[in-house]
**Q** 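One structure coming up, written as structure tokens, with questions to follow.
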Amino acid sequence: MDYNYCEIEPKWQQYWREQKVYQADNNSNKPHFYVLDMFPYPSGAGLHVGHPLGYIASDIYARYKRLKGFNVLHPMGYDAYGLPAEQYAIQTGQHPAITTEQNIKRYREQLDKIGFSFDWDREVRTCDPKYYHWTQWTFIQLFNSYYCTSCQKAKPISRLIEHFAQNGSADLHVACGQELSFTAEEWNAYSEQQKSDVLMNYRLAYLADIPVNWCPELGTVLANDEVVNGLSVRGGYPVERKLMRQWSLRITAYAQRLVDGLEQVDWTDSLKEIQRNWIGRSEGAAVWFPLEKGDHSFEIFTTRPDTIFGVTFMVLCPEHEMISEITTPEQREAVDQYVAWAKNRSERERQAEVKTVSGVFTGAYAVNPLTQERIPIWVSEYVLAGYGTGAIMAVPAHDSRDFAFAKHFNLPIRQVVAPSVEEVSDPATWTESMDAKVGVSVNSGFITGMKVKDAMKAVIAKVGEMGIGHKTVNFRLRDAIFSRQRYWGEPFPIYYKNGVPCAIPEDKLPLELPEIKEFRPTATGEPPLGHATVWAWDEQQGKVVENSKIDNINVFPLELSTMPGFAGSSGYYMRYMDPCNQEAYFSKEAAGYWQNVDLYVGGAEHGTGHLIYARFWNKFLFDLGLSTKEEPFQKLINQGMIQGRSNFVYRSKENNNLFISKNIPGRAEKTVPIHVDINIVDNDVLDIEKFRAWRPEFKDAQFELEDGKYICGWEVEKMSKSMFNVQNPDDLVARYGADTLRLYEMFLGPVEQAKPWDTNGIEGVHRFLKKFWRLYESVKDVPASKAELKILHQTIKKISEDIERFSFNTAVSTFMICVNDLSAAKCSKREILEPLVVLMAPFAPHIAEELWHQMGNQGSVTLASWPLFEEKYLVEDTFSYPVSFNGKMRFTVDLPATADAAMAEKAVMEAPESQKWLAGAKPKKVIFVPKRIINVVV
RNA sequence: GCGGAUAUGGCGUAAUUGGUAGCCGCGCUAGACUUAGGAUCUAGUUCCUCACGGAGUGGGAGUUCGAGUCUCCCUAUCCGCACCA
């Protein structure tokens, strides 16, 4: 009987589904293991071959762990809220819920065909009220929490309110928007509205007027990671800066813990580095510079306090609040003009012109607190409002930006750091500043002669003594804007009681997304939820009622924004542990059992988005006592992107109906390349009949062939419909079967590596499976020879190692070698083939299952026992056999310094290793150097 | 500009982690069987050379008995950040 994948694959998929073979148990004595994939956004285009790459890798690992006796949690779900479905709704009027449902159905069909071992009973969808119940719940917890900086932990806001009532703002150690100062008496006298405003400064989810990334085309604000080069990631529309009242998450409170946590996880260095850069921790000093006139002073942040003697001017950002106050009458017009100009520039213009220097003098002066020098104060765009204090001390000699500014406006440059005290030069001759933190201070009063590091400490100590500064840490990370002016997202569980935002009671959750018919913003510019007619909160009844009932006594308006995409994806991995819990996000027992994700597989493109938000979310849940581990994802594998591999035909310039094969001499000049559908090309050979049928215009196409074939050109490009290079996994499953697809995707190369998709090698993998199948056609119950056992044992050993280090491509190669060897030996012995089929089960589960049952075994092979081999089939010390898989045996023998080749050979033959493994046979090759024999090839 | 990664046959890749390159697969060459097939099997295939032999892991140096692997300097490609004081 032939290997009939069309029959066996659906059969076993059904069996697994019906027998619930992959159901994970929350109460088990087995060791636990949690394997997670980044759940997909169900887009209308369906899966392409890039998606399953990571899923197959994680599935192999999950199945391997099951064979190893672990209770494995391997769930899947959908990140179902998102812009594309809503944009589609705007264009067509089709409700996003319908589009999403259809897409999910399609995804599920595609996923099912590949034979994954997901526990579908645990499926979550972010748009399901039973799920977003807990997204909303978490939001309320964030809203009702503040961050205590002395114990580095989130705490209930009620504790802060008590503190205010007793002590006012004194002795606060909290993360906040700005430093406020009030007494207990003042607090107690505040109105509800005032108290609410003050608390917003401390809540972990807070409402504030902040400069946001506004995308007019999408009609919504975007988070920093959703904007690249001033354009939206989704759609590529321009984004502008705008001041808006938005919900934000105080993720900056967790910045230090987010940096520290990276030490505990097993991620690649490059991804950790991406996160460190995004968080952008930098140590330095805060220093107050007094103004020359009046008693005001302003704060600056610097990472180079040691250069304070080199300050020759100060710069404020155009948004700085002190500008209008300090600007002199003579300079007012110029300053106003500059500030207005800067304000009107789009983010994109600003970024495009980073190298251009612009700025204006305010006419005001500050005083250097250490030298008492008078320092002019300027305004310039190159100082950013969002970082540090929006004001800097400029040291043009040792900062390239300050240097460019000083050159442009002809401001003095003073060297204060040099390689040594003697090596001082004239900065007027410099072409660039000396930014490196090396050398010693010069021209710097009491720190002159000190090394940079010591000088920094000395200056910090000095300003500390003077009460005008201290050591501090700054982060580049900004709070995450959490509002989206969109419909298809989680509604905020918030209503506005006469302007005061209030959370709806937890026992009334979920607050379900209301139905609307029009998905655009309202005529008055409100978000789409402004169209909802039943979107008001009745406090008495504790439910949603018609808007018409709003009286601001009992019935209040609800929030019209919705949450962003990352809201639902920040905690889904915890929900999988206990997906049906109606009383809680997840039970403490479930979290206590599963702990955290042991292995997370997904793309590196989430390095600055999802992976930061999820870590923050989990740390918060940890502070609440819900999550048992502070870091959610212990080990992370980044699957490489699959690029497209486009094929081309070459159309003659003279004759539109003539196509010339790639390698015909002179072709390049005579033709133009045209993209051709990769599905009608096989190994770069064009199927001429299919090509003629592909499009009407090619109906009568003529060809100039080489060796009777039409050879296409190829190029690596993005996988996209317009280049006809999208490979749909379904087509390959239909043609070769899921097992072939699974093996081939792994065989393509290391999982982490980016690579173009091409099907040129898939035949070889398919052939291997057929060969594997043939081995089992006449299984005999006779004892295996030692040589055959050796093949098996080496394979077991190598496959185990390969899986443990996620080297699935070499694992597939190992199988091929094993099967080649067994075929050559005509080995059909049960003793060999039975364990081999179990070994194969993680990779090609369908064929393994079929053969397992054909051999008369019961139960699923994918739950058989891996140690079976190690105990039952282990002979001698095969697992410590010194011969590696490719036949080299290595051991070291000490030789006298005078040894020659003959003596070396003799020593090899006498070595215990040879006695044991060569059994008198001569080695093929002996490599030796004086004193030691190094390598013996047998 | 800063940071991270990668570079091996015609192609995808492998190399016992410092042990004397190119496993496995594709493709290609020759052959066997054949109901002439997009089946199966056998042998060969890094490059140059009829051969003897020589060269060879992006380029250049270095450490070492020994380097694809370690160090330094270039070059190219990819990714991340980008006026972050």
Side-chain angles (χ1 to χ4, degrees), chain A residues 2 228-229 268-278 280-282 284 300-304 307 315 317 350-351 353-357 380-384 386-395 398-402 404-405 432 435 474-478 604-605 607-608 638 640-641 643 645 682-685 687 714 743-744 747-750 752-756 758-765 767-768 770-771 774 798 801 807 809-820 823-824 882-890 892 925 927-937:
Chain A
D2 278 347
V228 172
N229 295 330
T268 61
D269 289 340
S270 73
L271 190 65
K272 285 186 185 179
E273 210 46 47
I274 287 172
Q275 292 226 334
R276 281 193 199 103
N277 287 343
W278 188 259
R281 182 185 197 276
S282 59
I300 59 100
F301 172 73
T302 178
T303 53
R304 292 296 300 274
T307 62
V315 189
C317 66
R350 242 180 41 87
Q351 291 194 1
E353 293 165 30
V354 159
K355 295 282 168 259
T356 10
V357 178
S380 174
E381 272 202 309
Y382 86 88
V383 175
L384 304 177
Y387 186 76
T389 57
I392 61 157
M393 62 175 216
V395 186
H398 305 290
D399 181 284
S400 53
R401 296 149 305 183
D402 298 345
F405 195 83
E432 57 182 6
D435 293 10
N474 243 299
F475 294 94
R476 211 181 62 96
L477 186 74
R478 312 286 165 82
E605 67 271 19
T608 54
N638 287 122
M641 283 257 268
Q643 297 137 299
R645 185 182 186 275
D682 197 13
N683 269 338
D684 293 336
V685 176
D687 186 318
W714 61 272
L743 284 173
Y744 184 59
F747 186 67
L748 217 47
E752 300 91 329
Q753 203 174 319
K755 55 214 159 222
D758 78 77
T759 49
N760 288 350
I762 200 166
E763 296 281 350
V765 172
R767 230 168 265 161
F768 155 72
K770 287 198 271 191
K771 213 173 197 178
R774 255 181 275 128
K798 181 72 168 27
E801 288 166 1
S807 180
N809 55 329
T810 58
V812 177
S813 293
T814 306
F815 276 123
M816 291 182 173
I817 296 167
C818 173
V819 167
N820 282 347
S823 297
V883 178
S884 77
F885 205 78
N886 58 11
K888 288 180 188 172
M889 173 163 74
R890 186 182 139 199
T892 307
K925 197 171 162 189
I927 296 142
F928 81 101
V929 294
K931 291 195 177 172
R932 274 174 306 164
I933 292 168
I934 297 302
N935 214 351
V936 177
V937 182

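The sequence lines fix the lettering, A, B, ..., with proteins before strands; numbering per chain opens at 1.
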**Q** Between A:N820 and B:G25, is there a side-chain N or O to OP1/OP2 distance below 4.0 Å?
**A**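 Yes, because at least one side-chain N or O of A:N820 sits under 4.0 Å from OP1 or OP2 of B:G25.
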
**Q** Using the C1' atom as the point on both nucleotides, what is the distance between B:U16 and B:C48, in whole Å?
**A**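 So the two C1' atoms sit 31 Å from each other.
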
**Q** Salt bridge between A:E801 and A:K798, side-chain N to carboxylate O under 4.0 Å?
**A**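 So A:E801 does not pair with A:K798 through a salt bridge.
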
**Q** Tell me the partner of B:G27, counting only Watson-Crick (N1-N3 plus N6-O4 or O6-N4) or G-U wobble (N1-O2 and O6-N3) with both under 3.5 Å; none if nothing fits.
**A**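 Looking at the geometry, B:G27 pairs with B:U45.
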
**Q** Is the A:Y387 ring parallel, tilted or perpendicular to the A:F301 ring (thresholds 30°, 60°)?
**A**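 Taking A:F301 first and then A:Y387, their aromatic rings stand perpendicular (interplane angle over 60°).
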
**Q** What is the nucleic acid contact for A:P750, judged by heavy atoms within less than 4.0 Å: base, sugar-phosphate only, or nothing?
**A**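 Since only primed, P, OP1 and OP2 atoms lie under 4.0 Å of A:P750, the category is sugar-phosphate.
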
**Q** When syn is taken as a glycosidic angle within 90 degrees of 0, is B:U40 syn or anti?
**A**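 For B:U40, whose glycosidic angle is more than 90° from 0, the conformation is anti.
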
**Q** Considering only atom C1', compute the distance from B:U46 to B:G68 and round it to an integer number of Å.
**A**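 These two C1' atoms come out 14 Å apart once rounded.
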
**Q** Which atom pairs link the protein and nucleotides 1-8 of chain B when you take only N or O atoms and keep those under 3.5 Å?
**A**
none

**Q** Which nucleotide, in any strand shown, forms a Watson-Crick or G-U wobble pair with B:C72, with both distances under 3.5 Å?
**A**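 In the structure as shown, B:C72 has B:G60 as its Watson-Crick or wobble partner.
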
**Q** Quick test: give all pairs of protein nitrogen or oxygen and nucleotides 35-44 of chain B nitrogen or oxygen below 3.5 Å, distance rounded to 0.1 Å.
**A**
from	atom 1	to	atom 2	distance (Å)
B:G38	N2	A:R735	NH2	2.9

**Q** Could you tell me whether the side chain of A:D402 reaches within less than 4.5 Å of the side chain of A:Y382, counting heavy atoms only?
**A**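 A side-chain contact under 4.5 Å exists here.
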
**Q** Between B:U45 and B:U63, how far is it from one C1' atom to the other, in whole Å?
**A**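 After rounding to an integer number of Å, I get 37 Å for this pair.
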
**Q** Need one value for A:S282: base, sugar-phosphate or nothing, where a base atom within 4.0 Å counts as base even if backbone is also close, heavy atoms only.
**A**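 Here A:S282 touches the backbone only, sparing every base.
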
**Q** Return the nearest nucleotide to the side chain of A:V383; candidates are B:G25, B:A85, B:C83.
**A**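 The nucleotide sitting nearest to the side chain is B:A85.
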
**Q** For A:L748, which contact category applies under a 4.0 Å heavy-atom criterion: base, sugar-phosphate, or nothing?
**A**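 The answer is sugar-phosphate, as A:L748 gets under 4.0 Å only of primed atoms, P, OP1 or OP2.
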
**Q** With a 4.0 Å cutoff (strictly under), does any side-chain N or O of A:R645 reach OP1 or OP2 of B:G12?
**A**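 Looking at the OP1 and OP2 atoms of B:G12, neither is under 4.0 Å from any side-chain N or O of A:R645.
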
**Q** What distance, rounded to whole Å, do you find between the two P atoms, one in B:A43 and one in B:U17?
**A**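 Between the two P atoms, the distance is 30 Å.
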
**Q** Consider the side chain of A:L384, meaning its heavy atoms from C-beta on, and name the nucleotide among B:C81, B:C24, B:A85 that approaches it most closely.
**A**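 The nucleotide sitting nearest to the side chain is B:A85.
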
**Q** Taking syn as within 90° of 0 and anti otherwise, name the glycosidic form of B:G59.
**A**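 Anti conformation for B:G59.
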
**Q** So do A:K771 and A:R767 actually touch side chain to side chain, heavy atoms under 4.5 Å?
**A**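 Result no, sub-4.5 Å side-chain heavy-atom pair not found.
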
**Q** Within a strict 4.5 Å, meaning less than it, do heavy atoms of the A:V765 and A:M816 side chains meet?
**A**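 Side-chain contact under 4.5 Å: yes.
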
**Q** In whole angstrom, give the distance that lies between atom CG of A:N760 and atom P of B:G25.
**A**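 Interatomic distance, CG of A:N760 to P of B:G25: 16 Å.
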
**Q** Can you tell me how far C1' of B:A15 sits from CD of A:E801, to the nearest Å?
**A**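 Distance check: A:E801 CD to B:A15 C1' gives 14 Å.
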
**Q** If the C1' atom of B:G62 is compared with that of B:U69, how far apart are they to the nearest Å?
**A**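 Taking atom C1' in both B:G62 and B:U69, they lie 15 Å apart.
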
**Q** CZ of A:R276 versus P of B:A82: gap in Å, rounded?
**A**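 Taking atom P of B:A82 as the reference, CZ of A:R276 is at 18 Å.
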
**Q** Taking the side chain as C-beta and beyond, is there a heavy-atom pair between A:R304 and A:D435 under 4.5 Å?
**A**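 The answer is no; the side chains never approach within 4.5 Å.
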
**Q** Does A:N474 have a side-chain nitrogen or oxygen under 4.0 Å from the phosphate oxygens OP1 or OP2 of B:A85?
**A**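 For A:N474, the contact criterion (side-chain N or O under 4.0 Å from OP1 or OP2 of B:A85) is not met.
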
**Q** Tell me the interatomic distance from A:N809, atom CG, to B:G12, atom C1', rounded to whole angstroms.
**A**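 Taking atom C1' of B:G12 as the reference, CG of A:N809 is at 10 Å.
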
**Q** Check step by step if side-chain contact (heavy atoms from CB on, under 4.5 Å) holds for A:N760 and A:R645.
**A** CA-CA 11 Å; A:N760 288 350; A:R645 185 182 186 275; 3.8 Å; yes

**Q** What is the distance, rounded to the nearest whole Å, between atom CZ of A:F768 and atom C1' of B:C26?
**A**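 From A:F768 CZ to B:C26 C1': 16 Å.
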
**Q** Please report the distance, rounded to the nearest Å, between CG in A:D399 and P in B:A85.
**A**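 My rounded result for the distance is 9 Å.
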
**Q** Could you tell me how far B:G22 sits from B:U57 if I compare only their P atoms? Round to whole Å.
**A**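 Here B:U57 and B:G22 have their P atoms 14 Å from each other.
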
**Q** Suppose you measure atom C1' in B:A85 against the same atom in B:A76; what distance do you get, rounded to whole Å?
**A**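 Comparing C1' positions in B:A85 and B:A76 gives a spacing of 34 Å.
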
**Q** To the nearest Å, how far apart are A:Q753 CD and B:C11 C1'?
**A**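 One finds 14 Å between C1' of B:C11 and CD of A:Q753, rounded.
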
**Q** If I pick the P atom on B:A7 and the same atom on B:C70, what distance separates them, to the nearest angstrom?
**A**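 That atom pair is separated by 10 Å.
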
